[in-house]
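First comes the structure, then the notes that go with it.
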Amino acid sequence: MTTETAAQFSITFTRYIDADGHPTGALPEFAARAADLIPLYRAMVLTRAFDAKAVALQRTGRLGTFASSLGQEAVGIGAASAMAPGDVLLPSFREQSAQLWRGVTPLELLLYWGGDERGSDFAGPREDFPISVPVAAHAPHAAGVALAFALRKEKRASLCILGDGATSKGDFYEAINMAGPWRLPMVMLVNNNQWAISVPRSAQTAAATLAQKAIAAGIPGEQVDGNDVVAVRDAVARALARAREGGGATLVEAITYRLSDHTTADDARRYRDDAAVTASWHGEPIARLRAYLVAQGAWSREDEEHALADAATAVDEATESYLATPPQPLAAIFDHLFAELPPSIRAQRAQALGQEAPDA
Amino acid sequence: MTTETAAQFSITFTRYIDADGHPTGALPEFAARAADLIPLYRAMVLTRAFDAKAVALQRTGRLGTFASSLGQEAVGIGAASAMAPGDVLLPSFREQSAQLWRGVTPLELLLYWGGDERGSDFAGPREDFPISVPVAAHAPHAAGVALAFALRKEKRASLCILGDGATSKGDFYEAINMAGPWRLPMVMLVNNNQWAISVPRSAQTAAATLAQKAIAAGIPGEQVDGNDVVAVRDAVARALARAREGGGATLVEAITYRLSDHTTADDARRYRDDAAVTASWHGEPIARLRAYLVAQGAWSREDEEHALADAATAVDEATESYLATPPQPLAAIFDHLFAELPPSIRAQRAQALGQEAPDA
Amino acid sequence: MPEIALVEAINLALARAMTEDASVLVLGEDVGRDGGVFRATDGLLTRFGPERVLDTPLAEAAIAGISVGLAAQRFRPVAEIQFMGFAYSTIDQMLNQAARLRTRTRGRLSCPMVLRMPAGGGVHAPEHHSESGEACFTNIPGLRVVYPSSPRRAYGLLLAAIRDPDPVVFLEPTRLYRAAREDVADDGVALPLDRCFTLREGSDITLIGWGAIVRDMLAAADRLAAEGKQAEVIDVATLVPLDSASILASVARTGRCVICHEAPLTAGFGAEIAAQLAGPGLLSLLAPVERVTGWDTVMPLPRLEMQYIPGVERILAAARRSLQHG
Amino acid sequence: MPEIALVEAINLALARAMTEDASVLVLGEDVGRDGGVFRATDGLLTRFGPERVLDTPLAEAAIAGISVGLAAQRFRPVAEIQFMGFAYSTIDQMLNQAARLRTRTRGRLSCPMVLRMPAGGGVHAPEHHSESGEACFTNIPGLRVVYPSSPRRAYGLLLAAIRDPDPVVFLEPTRLYRAAREDVADDGVALPLDRCFTLREGSDITLIGWGAIVRDMLAAADRLAAEGKQAEVIDVATLVPLDSASILASVARTGRCVICHEAPLTAGFGAEIAAQLAGPGLLSLLAPVERVTGWDTVMPLPRLEMQYIPGVERILAAARRSLQHG
Ligand SMILES: Cc1ncc(C[n+]2csc(CCOP(=O)(O)OP(=O)(O)O)c2C)c(N)n1
Ligand SMILES: Cc1ncc(C[n+]2csc(CCOP(=O)(O)OP(=O)(O)O)c2C)c(N)n1
Ligand SMILES: [Mg+2]
Ligand SMILES: [Mg+2]
């Protein structure tokens with residue numbers, strides 16, 4: 001018998017700022033001065049304020065089911081802050097942090113979660129995809145967008161964010177596999193918050209890391225501390241840069257924890273211990289970065305108060321506008337279906353609007 | 001920054017008998033005496049004779065489109081010979097070698113490829129699945145069969161065989177991923193014949209090996225020389241044994257080459273060089289094992305003539321029976337649809353058989 | 001005989017089937033500890049253990065696919081898809097595999113599985129959670145499609161679906177999961193899978209439909225009665241195979257028919273019923289067949305969904321139109 | 001103006017569309033060097049290069065999914081699925097994604113893609129290669145479904161489908177790929193996507209269908225003419241959105257109608273046409289609407305397939321039944 005090694009792989013895990021806010025070594029260029037991290041911090045604070053408000057609105061019957069990103073803010077902010085404006089974001093339903101950074105407004109988010117399609121007609125990032133509620137369905141879209149960039153020889157990349165549960169779906173694998181031979185400028189970011197509703201990460205797959213799923217596609221994969229916004233941004237920035245330069249796709253697994261219920265429709269106490277959740281508050285991304293900034297002398301109690309107040313104002317203003325926004329007219333159901341409405345559906349539209357006797 | 005290694009993997013490639021028929025070292029137990037390999041040799045010869053006949057029948061309009069396994073006989077024979085009778089085979093459309101070993105008759109195979117469902121009503125391996133024409137669709141069935149064994153605590157395993165192209169399909173990934181956490185007694189055997197119709201292995205995925213796709217599922221994966229029936233059987237036997245003992249699933253990649261056209265409907269000269277094909281004849285599994293057996297003094301020219309004659313007889317007899325088999329009556333279209341035909345379809349059946357005036 | 005909600009009736013039927021037949025398994029996303037996002041499988045894990053109630057990874061195609069493998073091995077898997085919006089990736093397995101295994105092997109292997117899922121809108125759920133995609137499953141020979149609209153029918157039909165030796169797609173009206181309540185005897189009695197249910201008899205017009213809208217049909221029938229017109233109300237319940245005989249017989253008596261469903265009009269399953277009326281039923285018709293359905297548009301997000309979902313008023317308008325005809 | 005086969009007309013339309021619009025891409029399994037298993041994309045790789053003609057890995061769901069991404073980025077992908085039997089795993093992407101992108105974003109993003117595939121049986125192909133699954137795509141708002149039955153219509157409708165700003169599922173009758181031949185001018189003129197085609201006028205009965213069976217309808221019309229009955233023959237061509245006006249107008253003239261398709265009867269798309277006749281068309285009908293379709297069984301393997309696929313004799317029998325009525 002001859003047995004030889006055909007291939008070898010390893011997966012790394014990276015962190016820059018530990019759970020207590022201590023740097024584990026030199027920080028990357030973009031974080032060289034602690035002050036440079038303040039926008040990231042403020043964005044995480046805004047996200048948390050937004051999430052809290054959205055949950056409150058849902059509890060009082062003024063918003064639909066909502067998926068909080070409590071404790072996971074660093075994933076989206078780290079990733080989005082690594083993007084260039086011309087890159088395209090394809091978010092799952094729990095990445096409001098990334099969307100807010102990209103310029104989607106809190107009002108748009110509220111409209112969407114309040115059940116109004118206008119919330120996906122972003123005034124800001126016009127090419128970004130709407131939220132993907134179907135798990136992993138947006139992964140091949142990210143490959144398609146990346147293929148468009150590659151074909152046009154544009155130095156742009158697509159960034160797809162999805163969950164640990166999403167890595168079990170065929171769409172996810174098919175998309176990263178296609179990205180391989182075509183060297184697509186795509187970054188697949190797995191927000192591993194340890195849970196897919198009630199199914200823990202360990203029941204989702206026997207893979208020791210989710211990053212290693214990249215190996216199946218022949219693309220690089222790495223793990224980062226997803227509660228460390230610096231580590232997330234650094235890994236995603238490197239991956240995006242390589243993608244834009246023709247170096248192909250990367251899978252980044254960001255390890256975090258879902259501190260909230262799955263959504264407002266969920267009661268996580270049915271399936272997980274409060275104790276584990278409580279323990280996971282240690283090292284959560286906002287407290288962690290605040291500790292770092294404070295230790296660096298870049299953040300004061302006053303700064304904190306301002307940040308909280310600014311976030312509250314932004315969210316309150318958005319809420320007011322949201323609550324004051326009348327629903328779309330019924331015609332809107334029809335008017336965006338096709339570029340031009342076919343005659344048969346024109347007739348239905350008229351019927352729906354009561355302008356004409358129905359005939360079906 | 002701290003970067004640590006989160007996980008490491010390596011993929012091995014194994015061969016026992018090289019392209020010229022020389023052993024590369026000690027052979028495994030089951031092949032300790034060269035004579036023990038004669039049944040495998042004869043089965044490969046039978047397969048090749050069957051394939052040649054089937055192609056000839058197709059060319060003369062007496063069989064439907066057919067997928068030859070020319071040059072790949074060791075994959076199916078190696079795998080099937082590693083199975084216990086109680087294991088279940090889930091073959092793709094190019095694994096007649098494995099099916100023949102399992103006891104599917106040449107007549108059944110001809111009936112199937114001749115367009116008669118009775119060809120999938122195997123008299124022999126009653127629990128084996130019919131051929132899967134849809135690529136990779138049988139992968140989750142293999143997981144389901146394995147789950148059945150696990151739940152019943154039976155020491156049995158399922159063996160799914162599919163192609164290199166199949167490793168791009170979501171079904172494949174979803175199935176091996178599910179096998180992981182449940183430690184399913186399943187072996188996923190990838191027959192990597194380098195081509196998916198006209199698409200070469202290199203365009204199918206950027207993965208350096210197909211075996212490494214196992215890493216995504218957290219199950220063991222390994223590569224073997226798929227033209228070395230000993231290596232295939234050895235790897236599959238080890239994997240099956242581990243599976244039956246509760247050790248979970250394994251992915252085995254067998255590297256071979258499709259010496260034939262994709263099917264009788266294909267003309268491979270449109271997309272690949274004859275030169276590459278000619279070169280790939282070197283090391284093909286039958287000549288290779290013959291060289292080994294001859295060198296071991298276990299095989300003579302006379303043995304060869306007998307083997308060829310026996311194969312020809314078996315195939316000719318099957319062909320005669322096949323050609324003499326009348327088609328099923330039209331009623332057969334209806335009679336296996338449900339355990340009991342619902343009234344509405346009973347009416348259609350009667351209509352089809354002309355027993356009653358139609359009414360739809 | 002306690003009054004229970006439709007989702008509880010589902011739960012009861014699952015437990016009953018699991019009790020009486022050890023080969024019945026429940027699997028799907030979050031069906032175990034969580035008891036399913038609608039609690040349809042609540043308590044089953046505790047009662048029957050993790051070898052009978054399996055939380056799967058998040059992969060619908062494989063949920064269907066492993067069910068085919070389990071069923072071929074004589075288990076009776078009852079797989080849950082969390083919402084119909086996520087069931088479309090199972091169609092390949094249901095159509096090419098589950099529905100054909102018996103035919104392909106001339107009966108050597110078979111596929112006694114049930115694929116359950118909530119369907120339809122009206123609960124202000126997020127995007128992709130309010131689908132009525134039954135038509136994607138109704139042109140698939142070898143598959144049964146069942147869609148009960150009351151707790152009792154949910155109980156009896158689910159038992160029948162699980163006991164049936166062939167694959168069944170079982171749709172449950174999300175809107176009625178909690179809203180529909182009824183006395184249900186847990187007597188293990190299945191209802192027939194090839195029969196419509198006449199919920200109310202009437203001689204002036206037939207209202208036919210399935211799923212949540214059946215309640216609106218009943219309400220419309222009340223209103224019509226107040227106007228002096230007796231509507232017969234039929235819950236189709238089993239779409240495929242369709243109980244054409246009962247439907248044709250009803251319309252033969254009434255001469256008028258309104259077909260109601262939440263799914264879009266064009267090529268919705270209502271078309272099949274109307275087509276049978278245009279064919280063998282033609283001579284019964286005193287008025288054009290009316291279809292009251294969702295519009296041929298994408299199901300809107302919650303703010304407009306109740307204007308999309310047809311309700312009592314649209315059914316009444318159609319019925320009156322029909323009654324006024326000729 | 002050379003006489004060419006239907007598959008060559010497809011090829012011509014693809015080349016024309018790629019020539020006139022640099023955003024048109026062709027992608028799919030084996031569409032490149034091999035030119036597609038039916039040669040529909042033959043020569044395109046040489047002519048337009050590997051950046052316009054992309055051989056994909058073997059993954060239909062992703063072929064549809066990356067097309068959505070490309071289309072959102074203003075490309076016009078024309079994706080080939082090798083056989084309809086392998087298209088079912090694209091339904092999720094087509095229904096939940098392609099058909100909705102414009103609606104979901106209020107027009108900010110759109111999805112001008114075409115998903116082409118051969119459909120139907122009759123060429124003695126292997127298992128799963130002879131499907132008529134169009135009904136799986138016809139109850140999906142936001143999607144067009146087109147199914148030409150002659151080289152000229154294939155050419156003109158494919159051009160229209162590619163130029164259309166919204167997603168189109170484009171079905172090509174396998175049986176006619178080589179069998180249907182016709183003069184086709186490569187003039188770049190598209191045919192309308194919202195119109196049926198009346199192939200033959202007649203006042204006694206209307207034969208309506210799509211795909212390969214249209215040829216049998218024409219043959220049946222010849223035979224009926226020999227019996228002194230003039231059949232109007234309509235190729236529906238675009239199933240969704242349906243040109244109901246033309247169909248209703250024809251039946252208003254003839255009073256009799258036979259609807260023909262290869263797909264199974266129950267909830268086949270023929271039901272929609274029959275339903276419209278039972279509704280707005282009712283007063284035109286002089287005889288029950290006939291449907292001549294595949295049986296409600298799994299498409300058999302080749303030895304029995306021609307007994308499954310309805311042909312001239314069954315159409316004739318239905319037409320005669322209709323003509324004798326009343
Ligand atoms: C295809 C699909 N199946 C099921 C669901 C229902 N569902 C919504 S979120 C979710 C869990 C997702 O887990 P994960 O991918 O880890 O993301 P997370 O919710 O943790 O952010 C499920 C099962 C869905 N949205 N899409
Ligand atoms: C899902 C699916 N897509 C497409 C096809 C058409 N097709 C048949 S075989 C084949 C290539 C398969 O390649 P591979 O998996 O390597 O198996 P091989 O033919 O080489 O044995 C394709 C594309 C199919 N049968 N099933
Ligand atoms: Mg998660
Ligand atoms: Mg291959």
Side-chain angles (χ1 to χ4, degrees), chain B residues 88 90 112 116-123 126-134 137-154 158 170-171 173-175 177-182 184 186 328 332-345 347 359-360, chain C residues 23 25 27 51-52 54-75 77 89 92-93 96-113 141-144 164-167 193-194 238 240-245 275-276 279-280:
Chain B
V88 163
L90 299 100
Y112 175 80
D116 188 322
E117 289 82 356
R118 288 173 295 183
S120 293
D121 185 12
F122 313 143
R126 297 290 294 168
E127 294 180 76
D128 280 8
F129 264 58
I131 283 161
S132 185
V133 165
H138 56 322
H141 307 165
V145 168
L147 181 53
F149 297 156
L151 292 174
R152 285 199 296 254
K153 306 197 177 13
E154 296 172 344
S158 66
D171 285 342
Y173 296 102
E174 290 190 358
N177 186 63
M178 278 208 183
W182 287 334
L184 296 184
M186 170 177 90
Q328 301 168 94
I333 295 185
F334 297 90
D335 291 346
H336 305 279
L337 189 63
F338 291 107
E340 202 185 319
L341 211 57
S344 60
I345 309 188
D359 61 359
Chain C
S23 70
L25 305 176
L27 71 162
E51 308 219 316
R52 307 274 313 273
L54 292 95
D55 271 329
T56 64
L58 204 169
E60 284 79 7
I63 290 172
I66 61 169
S67 296
V68 172
L70 283 164
Q73 276 292 324
R74 300 170 302 279
F75 277 99
S89 57
D92 182 46
Q93 282 290 335
N96 274 328
Q97 307 294 335
R100 299 185 172 200
L101 193 56
R102 182 186 292 278
T103 292
R104 295 179 65 217
T105 61
R106 305 285 92 165
R108 180 171 61 85
L109 300 175
S110 61
C111 195
M113 66 176 281
L143 211 59
R144 285 183 162 81
D164 192 84
D166 289 299
L193 279 185
D194 53 8
T238 295
V240 183
L242 182 67
D243 175 11
S244 308
Q276 300 199 3

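We name chains A, B, ... by the order of the sequence lines, and we start the count at 1 in each one.
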When rounded to the nearest 0.5 angstrom, what distance separates [atom1] in [X] from [atom2] in [Y]?
{"X": "B:D128", "Y": "C:R108", "atom1": "CG", "atom2": "CZ", "answer": "7.0 Å"}
{"X": "C:I63", "Y": "B:M178", "atom1": "CD1", "atom2": "CE", "answer": "5.0 Å"}
{"X": "B:D171", "Y": "C:S89", "atom1": "CG", "atom2": "OG", "answer": "9.5 Å"}
{"X": "B:F338", "Y": "C:L143", "atom1": "CZ", "atom2": "CG", "answer": "7.5 Å"}
{"X": "C:L109", "Y": "B:E127", "atom1": "CG", "atom2": "CD", "answer": "8.0 Å"}
{"X": "C:I66", "Y": "B:W182", "atom1": "CD1", "atom2": "CH2", "answer": "4.0 Å"}

- [ ] Can you tell which part of C:D164 gets under 4.5 Å to a heavy atom of chain B, answering side chain, backbone, both or neither?
- [x] neither
Open item on the list: Heavy-atom cut-off 4.5 Å, strictly under: side chain, backbone, both or neither for C:S110 against chain B?
Closed with: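 Looking at C:S110, nothing touches chain B.
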Looking only at heavy atoms and a cut-off of under 4.5 Å, which of [options] has the most pairs with chain B?
{"options": "C:L54, C:D166, C:L58", "answer": "C:D166"}
{"options": "C:T105, C:D92, C:L193", "answer": "C:T105"}
{"options": "C:T56, C:N96, C:L25", "answer": "C:T56"}
{"options": "C:Q73, C:R144, C:R100, C:Q97", "answer": "C:Q73"}

Open item on the list: So which residue, B:A148, B:A139, B:P134, ends up with the most heavy-atom pairs under 4.5 Å with chain C?
Closed with: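 Among the listed options, the one with the most contacts to chain C is B:A148.
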Measure [X] against the heavy atoms of chain C and call it side chain, backbone, both or neither at under 4.5 Å.
{"X": "B:F122", "result": "both"}
{"X": "B:L184", "result": "neither"}
{"X": "B:Q328", "result": "side chain"}
{"X": "B:A150", "result": "neither"}
{"X": "B:F334", "result": "neither"}
{"X": "B:P130", "result": "both"}
{"X": "B:D121", "result": "both"}

Open item on the list: Between B:H141 and C:Q93, do the side chains contain a donor N or O and an acceptor N or O under 3.5 Å apart?
Closed with: yes
Open item on the list: Among C:D194, C:L242, C:D243, which residue satisfies the side-chain contact (heavy atoms from CB on, under 4.5 Å) criterion with B:P343?
Closed with: C:D194
What pair of heavy atoms forms the shortest contact from [X] to [Y], and how long is it?
{"X": "C:P141", "Y": "B:L337", "result": "C-CD1, 4.1 Å"}
{"X": "B:H336", "Y": "C:G107", "result": "ND1-N, 4.1 Å"}
{"X": "C:P57", "Y": "B:N177", "result": "CB-ND2, 4.1 Å"}
{"X": "C:G69", "Y": "B:F129", "result": "CA-CZ, 4.3 Å"}

- [ ] For the pair B:K153 and C:E51, find out whether any cationic side-chain nitrogen is under 4.0 Å from an anionic carboxylate oxygen.
- [x] yes
